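The shown structure was predicted, so the numbers you read here are calculated from the model rather than taken from an experiment. When a ligand or atom number is given, it counts from 1 through the structure's own listing order.
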Amino acid sequence: MLMTELIAKKRDGGTLTEEEIHFLISGYTRGDIPDYQMSAMLMAMYFRGLDRDETVAMTMAMMHSGDTVDLSRISGVKADKHSTGGVGDKTSLVLCPMMAACGVKMAKMSGRGLGHTGGTIDKLESIPGFSCALTPERFFENVERVGFAIASQTGDIDPADKKIYALRDVTGTVAVRGLIVSSIMSKKLAAGADIIVLDVKYGSGGFMKTPEDARALAREMVDVGNAAGRRCAALITDMDEPLGYAVGNALEVREAIDTLKGAGPADLRELCLALGSSILLLSGLAADEAAARASLQRSIDDGSALEKLREFIRAQGGDAAVTDDESRLPTAPVQFPVISNCNGYVNHIQAEQVGLVSLHLGGGRATKDSVIDPAVGLVLKKKVGDAVRAGEPLAVIHAATETAAKQAAAELSACFSITDKAPEKPPFILDTLR
Ligand code: URA
């Protein structure tokens, strides 16, 4: 098989066979196909797109390009969740304990966030003593005993995606649906869960900017996951403002703990109930949506989900007393309010820009070697649709210094749009696809 012929075939509108895609992915992963030929292929894919069969073949070839996790030694149903990423997204910290309390196991491997805010691991590592560096044995043991574990990725999972994503990033070929689907699903399939739920976000802070694009991406991810023999569902959710109120690592852990105590923001709670219901329905552990929601709500009301969080923190070396005494979490020395200078209603909050404010405060990673400050970030006091009066706080900045706080306050203030009329708020969860 010749790479030049495959490039020409795709360029001219042809459809690549499973064998050709296998040749492409294995050859590029091994280093036999050079970057310049793969770049040309990616650009041909950008203009021609990938059909469903090509996307499935890409996904399977990428999934098998490295190690795959075998969860068969763990008893019971194993589920995983993926979010296309958003600002203030601490869903895993709430959902995993709820699922464990309902009898579903979650063996999550996570990455560190590059960008606006930290990733799940960064958030968790703001808990004193907590570590995500688990040996594979300890990881499996904790999932079996506690019900869930979250570890930093070990082994060589999906090396094809690492190489191809890096190349897409510098060749203007990220935004191809088939490539996004195969990139995300190959990693999820390699992680071994029976059930995969996807949170596909749209809006100013989401990976997809419109509901239509989010829906098309979600549909294809579910279909590809099902074609690979897993049970999948996808929620399409609004990321036109940050999720919850807190943005910043320790601040988000506090908000997750509050949510597990039955308080916390309505959107975060609703998202966890909806994702959790999908998992319980797909696993056969609930007969219908109402029963699923009732089980999940019970895990909060009776404290069993919070107790699972404590067990999990302890099992990974952390100070579980943070769940009862949040002052044990890192706290920023400066807290500075962002004040509204007018009356009206919050019409819009630019989520992506809010993420950048947290990044500038030191809460995210601009390069992969940046060191995160776990204490900094911001807590919104108003969300879209809320009435506000001049002089009221819109948010509170948590910063390392006064200077950083004042700079962040100016940036955050510019993220709010306030109008005379209350805006029409779209439903937070637009749809669930199964
Ligand atoms: N996230 C991924 O993991 N891959 C993509 O292609 C896009 C977003």
Side-chain angles (χ1 to χ4, degrees), residues 21 24-25 28-29 38-39 41-47 49-50 52 54-63 65-69 80-87 89 91-92 108-122 152-153 156-193 196-210 213-225 228 230 232 234-237 239 351-352 355 364-365 368:
I21 286 176
L24 176 73
I25 299 300
Y28 185 61
T29 310
M38 192 62 178
S39 303
M41 175 59 88
L42 292 171
M43 193 54 84
M45 288 175 165
Y46 180 93
F47 284 110
L50 295 165
R52 190 60 54 89
E54 288 177 311
T55 305
V56 171
M58 283 285 284
T59 307
M60 300 311 283
M62 287 164 74
M63 168 195 169
S65 67
D67 299 338
T68 54
V69 183
D80 200 356
K81 187 239 15 162
H82 176 80
S83 158
T84 56
V87 179
D89 190 353
T91 312
S92 294
K108 275 194 79 60
M109 290 205 193
S110 221
R112 282 171 204 283
L114 216 195
H116 305 158
T117 54
T120 298
I121 290 187
D122 300 304
S152 37
Q153 229 177 59
D156 193 18
I157 291 181
D158 207 340
D161 179 61
K162 292 189 187 88
K163 274 191 90 171
I164 295 171
Y165 195 84
L167 194 60
R168 285 166 60 205
D169 213 19
V170 293
T171 54
T173 53
V174 168
V176 185
R177 192 161 67 236
L179 293 178
I180 298 170
V181 169
S182 53
S183 166
I184 294 174
M185 291 309 289
S186 57
K187 286 178 288 212
K188 285 286 124 183
L189 295 173
I196 301 168
V197 291
L198 304 152
D199 176 14
V200 181
K201 297 184 181 297
Y202 73 91
S204 64
F207 183 65
M208 306 311 273
K209 298 299 170 201
T210 67
D213 286 346
R215 186 184 294 278
L217 182 69
R219 182 71 269 157
E220 201 155 325
M221 288 203 288
V222 169
D223 290 348
V224 167
R230 312 295 171 90
C232 301
L235 264 60
I236 299 163
T237 66
M239 195 19 92
E352 203 161 2
R365 237 181 233 102
K368 68 181 189 339

Protein residue, atom and distance nearest to [atom], heavy-atom basis:
atom: atom 1 (N) of ligand 1; value: I184 CG1, 3.9 Å
atom: atom 3 (O) of ligand 1; value: K187 NZ, 2.5 Å
atom: atom 7 (C) of ligand 1; value: F207 CZ, 3.4 Å

Any N or O of Y165 that comes nearer than 3.5 Å to an N or O of ligand 1? no

Heteroatom distance test (S183, ligand 1): nitrogen or oxygen, under 3.5 angstrom: yes

Nearest 0.5 Å, please: how far is NZ in K187 from CD1 in I157? 11.0 Å

Gap between atom NZ of K81 and atom CG of L198 - 0.5 Å precision: 10.0 Å

Just by modelled atom types, is the L217 backbone N or O under 3.5 Å from a matching donor or acceptor in the R177 side chain? no

Between D161 and S186, is there a side-chain donor-acceptor contact under 3.5 Å, judged purely by atom types and distance? no

Validation row: R365, D122 side chains within 4.5 angstrom (heavy atoms): yes

